[in-house]
Amino acid sequence: MRYSQMFIPTLKQSPADAEVVSHKLMVRSGMIRQLAAGIYSILPIGVRVLRKVEQIIREEMNRIGGQEVFLPSIQPAELWQESGRWDFYGKELLRLKDRNNREFCYGPTHEEVITDIVRKEIKSYRQLPLIVYQIQTKFRDEVRPRFGIMRGREFMMKDAYSFHTDIASTEETYEKMKQAYSNIFKRCGLDFKMVEADSGSIGGSHSHEFMVLADSGEDAIGFCDACDYASNVEKAAAKTPAPVTPPNALQKLKQVPTPGHKTVAEVAEFLKIPSRKIVKTLVFETEQGLIAGLVRGDRQINPVKLKNLIGCEWLKPAPESLITSQTGLPCGFIGPVGLDMKVYADHEVAQMYDFVTGANASDSHFTGVQTTRDLKIEKFGDLLRVAAGDPCPQCPAGTYKIKRGIEVGHVFILGTKYSEEMKANYLDADGKEKPMVMGCYGIGVGRTAAAAIEQNHDERGIIWPPAIAPFQVLVIPVNYADEATRSASDKTYQTLLDMGIETLLDDRPERLGVKFNDADLGGVPLQIIIGPKNLKEGQVEVKSRKTNASELHDFPAVLEKVPQILEGL
RNA sequence: CGGGAUGUAGCGCAGCCUGGUAGCGCACCUCGUUCGGGACGAGGGGGUCGGAAGUUCAAAUCUUCUCAUCCCGACCA
């Protein structure tokens, strides 16, 4: 393409509302423009990049037997009512009505639609397994869209769905998917980690996320510094604590005054004890009513683990007003001794003795509390939010490191959750009807591009990994009005195009500085700078955007070497 | 949904406190000079100041309501 004919509205200044680099650079380099909160128009350069990512995804999906489909974005409510998600999905689901007042939603994901097709068309075990995928825009009415295209409400996503006769076959595909995902993100030039993940509200037995490491990431991931264990912090397992033998003479339960001292830190200081001798009681609201979770005083509770331990639908920290109105207990002094609600405790609590808890009375705590003697625990489990330095659950010597990551991909084994709800059954070899076993596998296309920028940029702009760059080569004539420069530039442009290399020719009558700055902002990996001075010596300048290293090469001989140079980037 | 902030030209902002009918930088157009890392000079176009109502002789400025956007939190395949 000729730059003068392309629509690339670049900006010198970042828009005031852009927070993260990828957002700023995408706007500045003319890839995207915002239309409404979390809704973006994708301009030509942006489209080129997204298509690159999509194409890589397609190739890897096809390679493992995936077949592309294109599904409706507007979906009837009945389908969602059938799966039970019409009510469960909440306000994030954008609902609409047609002229006949029938209810629809704009699809935030397509499990229902694809399951509907498959249940109608697939009847026999002979037709399974089946892997289909789609790359389309979806819409989730996020409470708080942010970071540009990284967390938009409307977003481009690849979703794959697989259908199987049994779990073994599903797991086989799951493994292939993990491999395909690794290939995809590797090809996109990303530094990523595959981590264990909580399957969240989509349900299912197990799940992995693909995380691009970046400080701007919204998720925390924990990984071992010695072995290959890596997990979203939501899920990251704590090492089971070693059994502790308590002394023979245990303290007696005793109520002590702790006026005005509510937090663990305050109580620890006031009673002159370490915070690890305190048990924290946290009250949560669930659909089953209020429940309490216990962890050691110096620990943080992980609500996701608590939710999974209880097996409830949802769970959130109970507001103080609710606790007081329902139980009459003073916040800050709540403790598990004689507490009138279900109490769940972390494994570590089981190993504690002579500890301190709230006394369920204003301005006082209990000391000398013993788990087995004084507490009635519904269930013990791992409830910890792991922290850097905690021991690895998988290997003997390693410890946790914590980093932030951008979730670009997520794979799930769904099991029969949807197939049972929606009666997606098949007949097995014995003629018996069985529910299909399913998996689903998502990649955020726009987010992948954004993540690539988060990882590949400098103060001047984007540095595209060649595989997803909008163009491979940018030809920059120093002065396009100069006859010799012009013909050499045109020749370069045409020759590279003929070689099948995506090339952009900056034929604008701009000053060189302007072109250089736009070039660095836009991040095309290879720049070929052609000007009268070097041309007189029969040379042109070839410069890498990434390393900023530039070399003079003989012209036109260098053109043949361009593919090779690109390889080496 | 709670807390905070901001809406003035395409972008970034000043003006608002103390009412008098809108300004700066960049971008854009014209001419000239310049031309290997965001040039300079001269001239020019573009805004019913987010919207509505109110106060006032007079509102970008004061009051009320409303809408939008952003940030923090809660939430989130």
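Numbered from 1 within each chain, the chains take letters A, B, ... in sequence-line order.
- With B:C75, B:G37, B:C1 as the choices, the nucleotide that has an atom nearest any side-chain atom of A:Lys316 turns out to be B:C75.
- A heavy atom closer than 4.0 Å to some atom of RNA chain B occurs in no member of residues 68-82 of chain A.
- Among the protein residues, A:Arg460 comes within range of the nucleic acid bases, having at least one heavy atom under 4.0 Å from a base atom.
- Residue A:Asp506 contributes atom CG, which lies 15 Å from atom P of B:G37 at whole-angstrom precision.
- A:Asp520 is listed as a side-chain neighbour of A:Arg545, based on a closest heavy-atom distance under 4.5 Å.
- Residue A:Arg28 is classed as a base contact, given a heavy-atom separation below 4.0 Å to a base.
- For the pair A:Glu510/A:Tyr3, no side-chain contact is recorded, criterion being any heavy-atom separation below 4.5 Å from C-beta on.
- B:U64 and B:U55 are spaced 11 Å apart, taking the C1' atom of each and rounding to whole Å.
- Partner assigned to B:U18 is none, using Watson-Crick or G-U wobble distances below 3.5 angstrom.
- Not a single ring pair (Phe, Tyr, Trp, His ring centres under 6.0 Å) links A:Trp464 to another residue, sequence neighbours left out.
- The partner of B:C11 is B:G25, judged by Watson-Crick or G-U wobble contacts that both fall below 3.5 Å.
- Using a cut-off of 4.0 Å between Lys/Arg side-chain N and Asp/Glu carboxylate O, A:Glu112 and A:Arg85 are scored as salt-bridged.
- Between A:His23 and A:Tyr40, the two ring planes are perpendicular [angle over 60°; tilted spans 30° to 60°].
- Seen from the ring of A:Phe412, A:Lys417 does not count as a face-on cation partner, given the 6.0 Å and 45° thresholds.
- Taking the side chain of A:Val143 as heavy atoms from C-beta on, and the options B:C75, B:G38, B:U69, the nearest nucleotide is B:C75.
- Toward the 5′ end of RNA chain B lies the nearest nucleotide of A:Gln527, the other residue of the pair A:Gln527 and A:Pro145 mapping further downstream.
- To the nearest angstrom, C1' of B:A74 lies 14 Å from CD of A:Glu218.
- Using Watson-Crick or G-U wobble geometry with both donor-acceptor distances under 3.5 Å, B:G32 finds its partner in B:C40.
- To the nearest whole angstrom, the two P atoms, one in B:C65 and one in B:U61, are 16 Å apart.
- On the P atoms, B:A60 is 6 Å away from B:C49, given to the nearest whole Å.
- Atom CD of A:Glu510 and atom C1' of B:C28 are 12 Å apart (whole Å).
- Under the Watson-Crick and G-U wobble criteria, each requiring two contacts below 3.5 Å, nucleotide B:C49 is left unpaired.
- Dashed line: the shortest gap from a side-chain N or O of A:Arg511 to OP1 or OP2 of B:A39 is under 4.0 Å.
- Remark: the backbone N or O of A:Gly461 is paired with a side-chain donor or acceptor of A:Asp458 at under 3.5 angstrom.
- B:A14 and B:A74: their C1' atoms are spaced 36 Å apart (whole Å).
- Distances shorter than 4.0 Å separate none of the side-chain N or O atoms of A:Lys515 from OP1 or OP2 on B:G37.
- With a cut-off of 3.5 Å on both pairing distances, B:U61 has no Watson-Crick or G-U wobble partner at all.
- Distance noted for atom C1' between B:G51 and B:A68: 10 Å (whole Å).
- To the nearest whole angstrom, the two P atoms, one in B:U69 and one in B:G54, are 27 Å apart.
- For the P atom pair drawn from B:G4 and B:C40, the interatomic distance equals 45 Å after rounding to whole Å.
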Could you write out each protein N or O paired with an N or O of nucleotides 8-12 of chain B at a distance under 3.5 Å?
residue	atom	partner	partner atom	Å
B:G12	OP1	A:Ala16	N	3.0
B:G12	O4'	A:Gln13	OE1	3.4
B:G12	O2'	A:Gln13	NE2	3.3

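- Side chain of A:Asn517, nearest nucleotide from B:G36, B:G37, B:C70: B:G37.
- Counting non-hydrogen atoms under 4.0 angstrom, A:Glu19 reaches the backbone sugars and phosphates but no base.
- Taking a cutoff of 4.0 Å between a charged side-chain nitrogen and a carboxylate oxygen, A:Arg58 and A:Glu68 qualify as a salt bridge.
- In this entry the distance linking CG of A:Asp141 with P of B:C1 reads 11 Å, nearest Å.
- Rounded to the nearest Å, the gap between the P atom of B:U18 and that of B:G10 is 31 Å.
- With both pairing distances under 3.5 Å, B:C1 is matched to B:G73 as a Watson-Crick or G-U wobble pair.
- Of the two residues contacting RNA chain B, namely A:Phe155 and A:Ala36, the nearest-nucleotide position lying further toward the 5' end is that of A:Ala36.
- Between the OH atom of A:Tyr40 and the P atom of B:C70 there is a distance of 6 Å, given to the nearest Å.
- In this structure, A:Pro532 reaches the bases: a heavy-atom distance under 4.0 Å links it to at least one base atom across the strands shown.
- A:Glu111 and A:Thr109 form a side-chain donor-acceptor contact under 3.5 Å, judged by distance and modelled atom types alone.
- One interatomic measurement links the two molecules: CG of A:Leu35 to P of B:A68, which rounds to 14 Å at whole-angstrom precision.
- In this structure a side-chain-to-backbone donor-acceptor pair under 3.5 Å is missing from A:Arg299 to A:Lys280.
- Pair check for B:A68 finds B:U6; Watson-Crick or G-U wobble, both atom distances under 3.5 Å.
- Atom pair A:Glu285:CD and B:C1:P shows a separation of 17 Å (rounding to whole Å applied).
- Nucleotide B:U56: unpaired (no Watson-Crick or G-U wobble partner with both distances less than 3.5 Å).
- If you check residues 538-559 of chain A against RNA chain B, the residues with a heavy atom closer than 4.0 Å are A:Glu541, A:Lys543, listed by number.
- A 4.5 Å side-chain heavy-atom check between A:Lys91 and A:Asp141 finds every atom pair outside the cut-off.
- Judged purely by distance below 3.5 Å, without hydrogens or angles, the side chains of A:Ser550 and A:Glu541 pair a donor atom with an acceptor atom.
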Next on the checklist: What verdict does the side chain to side chain contact (heavy atoms under 4.5 Å, CB included) test give for A:Gln300 and A:Val295, after you've listed the backbone C-alpha separation in whole Å, the side-chain angles of each residue and the deciding distance to 0.1 Å?
Outcome noted: CA-CA 7 Å; A:Gln300 279 199 295; A:Val295 293; over 6 Å; no

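- The salt bridge (Lys or Arg N to Asp or Glu O under 4.0 Å) test applied to A:Lys24 returns no partner, not counting sequence neighbours.
- Distance A:Phe516 CZ to B:A39 P: 13 Å, rounded to the nearest Å.
- In the interface, the side chain of A:Asn479 is not paired with the base of B:G36 through any donor and acceptor atom under 3.5 Å apart.
- Here A:Phe210 pairs with A:Tyr181, A:Phe185 under the ring pair (Phe, Tyr, Trp, His ring centres under 6.0 Å) rule; sequence neighbours left out.
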